[in-house]
Amino acid sequence: MDVIGVGSLPICSMVGLFSGIVMALQLGDALTKYGAESQVGTVVSITLVTQMGPVLAALLVAGRNASGMASEIGSMRVTEQIDAMRALGTDPSKKLVTPRLLATALTLPLLVIIADFIGMIGGFLIARAQLGITSSEYWTSAWQALKWADVSQGLLKPFIFGIVIALVGCSFGMRTTGGTQGVGRATTSAVVVSSLWIIILNALITQVFVKL
Amino acid sequence: MSDDTSIVRFEDVSISFGDTLALDRLSFEIHAGETCVVFGAAGSGKTVMLKLALGLIQPDSGRVILFDKDIATMAEQDLLDIRARVGILFQEGGLFDSMTVAENVAYPLENQPAFQALGHANGSGAARSIDERVHESLRFVELEATVDKFPSELSGGMRRRVGIARAVVTEPALVLYDSPTAGLDPITANTIVALILKERDLRNTATIMVTHRYQDGQWMANFRYNPNNGAIEPAGGGDNGVKTRFLVMNQGKLVFEGSETELLASQDPYVQKFSRPGAS
């Protein structure tokens, strides 16, 4: 949990911050044309909470941790440590997969909450400095824009993405064959497959919430 | 356990990996206190046979009877208990590289259901019990000073010795050794075989040793550990003799099974590769 959560915090915070900044810059410019620059807080908060925050944080954690899980477990596989675990009377799934699954599924939503908040701060900095929007105007619109469905979507997605990241990373690690080359292949495949699943599931979950 | 108790029995066991037939109708039996030395070239199915004996892989056909239970069809959860009665030394040691030597050796005691009472019992007495057994096992392989080291800090021979300590810490009735001397210099290899003899003779353990080296089998068949003076001595014949059988495998098939005398008398060119001093 420490490795996945605390370890991923700096990079998730950075991505959240710059996502908020970029969104405020880009959308602020577009909204100004319609005289709707005061809505920048609304757009930034909804986009960050429902889409950008969960997806970007999950992709980063997939790149960082699915690869780490696949390589760590894959190395154990090719050096007979997994066999040793089974031979010594323990279930490798319980010992290796369950803790990683729980850690990722519980930590990713927390990372997303932090990334979302920092992203909103990034959006606020631009809204204040370049669009001349007041603090209360920005935060009120940002806060009021969020409905329970958005918050639920923003928390459900990272929870599911966390499960996917851990399962994909661990399963590629567990099925590693072919020595160190195999570990490399498992690591790459884990990142690619988990990233694809994140994007596909994001579309599906969004579709479900849009219909609500 | 009486000497005619069957420990492990293979009955017409076959297994394939893709198009490769790894074992072809393999049948043999090991009894309590017996030593079985398995020779064979690389890829002849020796390691596969050990993994089958432990239920780490399942055969395509045939039965593997371990302690009177057919493990070929057993679920993984049911196998955990039965594996507690078997120790194994993997070819590369199979040590957990993120754990210290002491943690590696304590692993089966802390994780196997049969021994978890040691760790879960209240009071410091239980914790000491695991600690004592770990130290005793490491003392057995003369590596007590390495308790806090990590496997990466040890030499190849030392890693094998830690592997032996871990394999025998639960005092199993059967110990499997997968090429315990492969890649080691002759002096270290002899030290490893001496430890295997010591374990076998002190606890009367049934032993299956897979090896390429003729000398390993010759030691197992003709020498024994004397607990009175701590020396490895010629076993002699008669009652002092060691019950050792030799198996020779070739491309998944058992091509020879018999005593050392029969092995030495074999005229099969493949078998002779493993029955002549200097063969490797």
Side-chain angles (χ1 to χ4, degrees), chain A residues 1-7 64-104 166-167 169-187 190, chain B residues 17-18 47-48 50-58 66 71 75-99 103-116 151-152 159 162-163 166-170 172 174-176 178-179:
Chain A
M1 204 172 263
D2 181 48
V3 173
I4 297 167
V6 180
R64 197 174 170 275
N65 297 104
S67 58
M69 288 175 205
S71 63
E72 195 180 337
I73 296 176
S75 301
M76 290 181 76
R77 177 91 192 165
V78 298
T79 55
E80 295 180 316
Q81 292 179 54
I82 302 281
D83 277 343
M85 230 173 224
R86 294 174 63 211
L88 295 170
T90 50
D91 181 352
S93 298
K94 275 188 192 163
K95 207 79 182 166
L96 299 173
V97 180
T98 308
R100 285 168 175 78
L101 181 65
L102 288 174
T104 319
L167 288 182
C170 292
S171 71
F172 274 98
M174 285 288 201
R175 290 186 286 128
T176 303
T177 52
T180 47
Q181 259 193 336
V183 175
R185 274 196 303 272
T187 306
Chain B
F17 298 104
T47 299
V48 171
L50 289 187
K51 288 186 174 178
L52 279 163
L54 208 47
L56 294 177
I57 49 178
Q58 305 287 345
L66 181 63
I71 61 166
E76 180 77 10
Q77 282 302 319
D78 300 327
L79 281 167
L80 298 182
D81 276 337
I82 204 163
R83 285 188 191 136
R85 299 172 67 188
V86 184
I88 182 165
L89 172 68
F90 286 94
Q91 195 165 349
E92 300 298 330
L95 299 179
F96 305 123
D97 47 20
S98 58
M99 295 182 185
E103 287 165 346
N104 263 286
V105 178
Y107 189 90
L109 297 173
E110 288 171 346
N111 290 284
Q112 284 177 359
F115 300 97
Q116 275 180 335
S152 57
R159 280 202 289 272
V162 174
R166 189 177 66 177
V168 304
V169 71
T170 56
L174 170 67
V175 187
L176 314 173
D178 189 359
S179 305

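Lettering follows sequence order; numbering is per chain, from 1.
For Glu103(B), there are no salt bridge (Lys or Arg N to Asp or Glu O under 4.0 Å) partners at least two apart in sequence or on another chain.
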Quiz item: Leu174(B) and Leu66(B): side-chain contact (heavy atoms from CB on, under 4.5 Å), yes or no, with the steps?
Solution: CA-CA 10 Å; Leu174(B) 170 67; Leu66(B) 181 63; 3.9 Å; yes

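When heavy atoms are compared at a cutoff of 4.5 Å, Leu95(B) approaches chain A solely by way of its backbone atoms N, CA, C and O. Within the 4.5 angstrom heavy-atom criterion, atoms from both the backbone and the side chain of Phe90(B) approach chain A. Looking at Leu54(B), only its side chain comes within 4.5 Å of chain A, counting heavy atoms on both sides.
For the pair Ile88(B)/Asp83(A), no side-chain contact is recorded, criterion being any heavy-atom separation below 4.5 Å from C-beta on. Using a 4.5 Å heavy-atom cutoff, the side chains of Asp91(A) and Lys95(A) are not in contact. A heavy-atom distance below 4.5 Å is found between the side chains of Glu76(B) and Arg83(B). Residues Leu88(A) and Asn111(B) fail the side-chain proximity criterion, which asks for heavy atoms closer than 4.5 Å.
In this structure a side-chain-to-backbone donor-acceptor pair under 3.5 Å is present from Thr90(A) to Met85(A).
The greatest number of non-hydrogen atom pairs below 4.5 Å with chain A, out of Ile57(B), Asp97(B), Val86(B), is found for Asp97(B).
Within residues 68-79 of chain A, the residues having any heavy atom under 4.5 Å from a heavy atom of chain B are, by residue number, Met76(A), Thr79(A).
Minimum interatomic distance between Val175(B) and Val168(B) (heavy atoms only, all atoms of both residues): CG2-CG1, 4.4 Å.
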